[in-house]
Amino acid sequence: MTAKPEVTGFFEPRTSSIQYVVADPETGKCAIVDPVLDYDEKSAATGTKEADRILAFIADKGYEVEWILDTHPHADHFSAAQYLKEKTGAPTAIGEKVTEVQKLWKGIYNWPEFREDGSQWDKLFADRETFKVGNIPAFVMFSPGHTLASITYVVGDAAFVHDTLFMPDSGTARADFPGGSAKALWHSIQDILALPDKTRIFTGHDYQPGGRDPMWESTVAEQKAQNIHMAKLKTAEEFAAVRDARDKTLPMPKLILHALQINTNAGRLPEPEANGCRYLKIPLNALGGAAW
Ligand SMILES: N[C@@H](CCC(=O)N[C@@H](CS)C(=O)NCC(=O)O)C(=O)O
Ligand SMILES: [Fe+2]
């Protein structure tokens, strides 16, 4: 029988993200998946309200953090991985293809000094690499498409698919960021849907279609039968045509140029300048035009 970890989702309304704590109830060991560092774009203030909420939950449960996991370098929010590492001492991890994403954005930000070897994380996972959360067996599946470094963490019967499948009524993630590919996303989703039907699917965003309450948990069986994209579109080509047409209409996430410079650096803010202030760098006209 596949082990059933306890999974708690924390919805972050500012970016419609879901952060997770996945725990082995037997040992009290847990992993944090895709934690958000708060950012208010109007004042350029950063904050740790969300991350502290997760830490309070973990303290209350008496859990010990074993891993701080990111599924991909996010384009819409800052990762709280470094903050949580400082607080817990747990290692940070991401997929090893992050080095390709680092190369891409190193060029866009014109950062000749930037290390593009992934050494900003404690662990880079390879495809199908195994690990554990407490005594629960876990493994990594490469899931490129939304980004070329995206991975899915499968912990017992729970798959953290982030920006591949959303809830069945919302379809799938966009695939038009630098390094994205709708066809690759299709194949990644096929791998996820090949997991056992009862596998619990935990998504990374919920944009609350029709204004319904936020939701984040489904199963492979539900996704196969009901996902508005996957239940209807039967080939990679059909899927890519629908996905690419929709993506052309979507404006870039408002924080993409802010977020990638922090998230390709494992959630570290830029070093302060001589006056003690940290600055972000925004390249103009670097993303192939706007959906005006
Ligand atoms: N309005 C949001 C958009 C965020 C966005 O583009 N989200 C990505 C995931 S990072 C996505 O796949 N969206 C799918 C869609 O909007 O259909 C923002 O500006 O941050
Ligand atoms: Fe994303």
Side-chain angles (χ1 to χ4, degrees), residues 11-20 33-42 50 69-81 94-95 97-98 101 104-105 142-153 160-182 184-186 188-189 192 201-212 214-216 223 227-230 232-233 239-264 266-267 280 282 287-292:
F11 184 72
E12 192 273 309
R14 207 185 274 276
T15 61
S16 305
S17 299
I18 300 106
Q19 322 157 84
Y20 294 97
V33 183
D34 287 325
V36 173
L37 188 75
D38 312 317
Y39 180 68
D40 171 47
E41 62 273 18
K42 295 198 188 78
E50 286 296 323
L69 305 173
D70 266 299
T71 51
H72 65 292
H74 307 280
D76 65 323
H77 65 264
F78 301 174
S79 166
I94 200 163
K97 286 272 163 67
V98 78
V101 178
L104 210 101
W105 287 91
F142 276 9
S143 302
H146 175 64
T147 75
L148 57 77
S150 295
I151 60 176
T152 293
Y153 295 102
F160 297 88
V161 303
H162 213 274
D163 300 357
T164 54
L165 294 163
F166 293 142
M167 288 304 286
D169 61 358
S170 307
T172 56
R174 66 195 293 177
D176 60 331
F177 299 158
S181 154
L185 180 60
W186 166 267
S188 297
I189 292 174
I192 293 168
I201 299 283
F202 293 97
T203 190
H205 290 293
D206 186 57
Y207 296 111
Q208 300 177 260
R212 65 153 170 69
M215 292 168 72
W216 47 82
Q223 290 285 356
N227 186 287
I228 55 166
H229 294 154
M230 302 314 293
K232 282 200 205 103
L233 304 168
F239 174 80
V242 169
R243 190 66 260 171
D244 289 340
R246 174 162 163 74
D247 289 351
K248 281 198 182 71
T249 70
L250 299 176
M252 280 289 142
K254 59 179 180 287
L255 296 181
I256 186 169
L257 293 167
H258 303 65
L260 262 306
Q261 60 197 287
I262 286 161
N263 295 338
T264 52
L280 291 171
I282 302 293
L287 290 182
W292 294 111

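Atoms within a ligand are numbered from 1 in the order they appear, just like the ligands themselves.
- Considering only heavy atoms from C-beta on, Asp34 stays 4.5 Å or farther from Ser79 through its side chain.
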Applying ring pair (Phe, Tyr, Trp, His ring centres under 6.0 Å) to Phe177 and His146, what does each step give before you reach the verdict? CA-CA 7 Å; Phe177 299 158; His146 175 64; 5.1 Å; yes

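- With contacts defined as side-chain heavy-atom distances shorter than 4.5 Å, the pair His162/Thr203 does not qualify.
- When only modelled atom types and interatomic distance are considered, Ser143 and Thr152 share a side-chain donor-acceptor pair under 3.5 Å.
- Taking every non-hydrogen atom of Ala173 and a distance limit under 4.0 Å, the qualifying atoms of ligand 1 come out as 12 (O).
- Counting heavy atoms from C-beta on, the side chains of Lys97 and Phe142 come closer than 4.5 Å.
- In this structure, the protein non-hydrogen atom closest to atom 10 (S) of ligand 1 is Asp163 OD2, 3.3 Å.
- Residue contact annotation: Thr15 has no non-hydrogen atom under 4.0 Å from ligand 1.
- Remark: minimum distance from atom 14 (C) of ligand 1 to any protein heavy atom is reached at Phe166 CE1, 3.7 Å.
- Within ligand 1, counting atoms from 1 as listed, the ones closer than 4.0 Å to a heavy atom of His205 are 9 (C), 10 (S).
- With respect to atom 4 (C) of ligand 1, the closest heavy atom belonging to the protein is Tyr207 OH, 3.5 Å.
- Between the side chains of Glu50 and Gln19, a donor-acceptor pair is found at a separation under 3.5 Å.
- For atom 1 (N) of ligand 1, no protein heavy-atom neighbour is present inside the 4.0 Å cut-off.
- Of all protein heavy atoms, the one closest to atom 19 (O) of ligand 1 is Lys254 N, 2.9 Å.
- Between Lys232 and Val242, every side-chain heavy-atom pair lies at or beyond the 4.5 Å cut-off.
- Shown here, atom 8 (C) of ligand 1 is in close reach of the protein: a heavy atom of it lies under 4.0 Å off.
- Distances below 4.0 Å separate heavy atoms of His146 from the following atoms of ligand 1: 9 (C), 10 (S).
- In summary, no N, O or S atom of His74 is located under 2.8 Å from the Fe ion (ligand 2).
- Nearest to atom 15 (C) of ligand 1 by heavy-atom distance, out of Arg174, Arg246, Met252, is Arg246.
- The N, O or S atom of His146 lying closest to the Fe ion (ligand 2) is NE2.
- Residues Leu185 and Pro144 have side chains not in contact (no heavy-atom distance under 4.5 Å, counting atoms from C-beta outward).
- Considering just the N/O/S atoms of Asp163, the one nearest the Fe ion (ligand 2) carries the name OD2.
- A salt bridge is defined here as a Lys NZ or Arg NE, NH1 or NH2 lying under 4.0 Å from an Asp or Glu carboxylate O, and Arg243 with Asp247 meets this definition.
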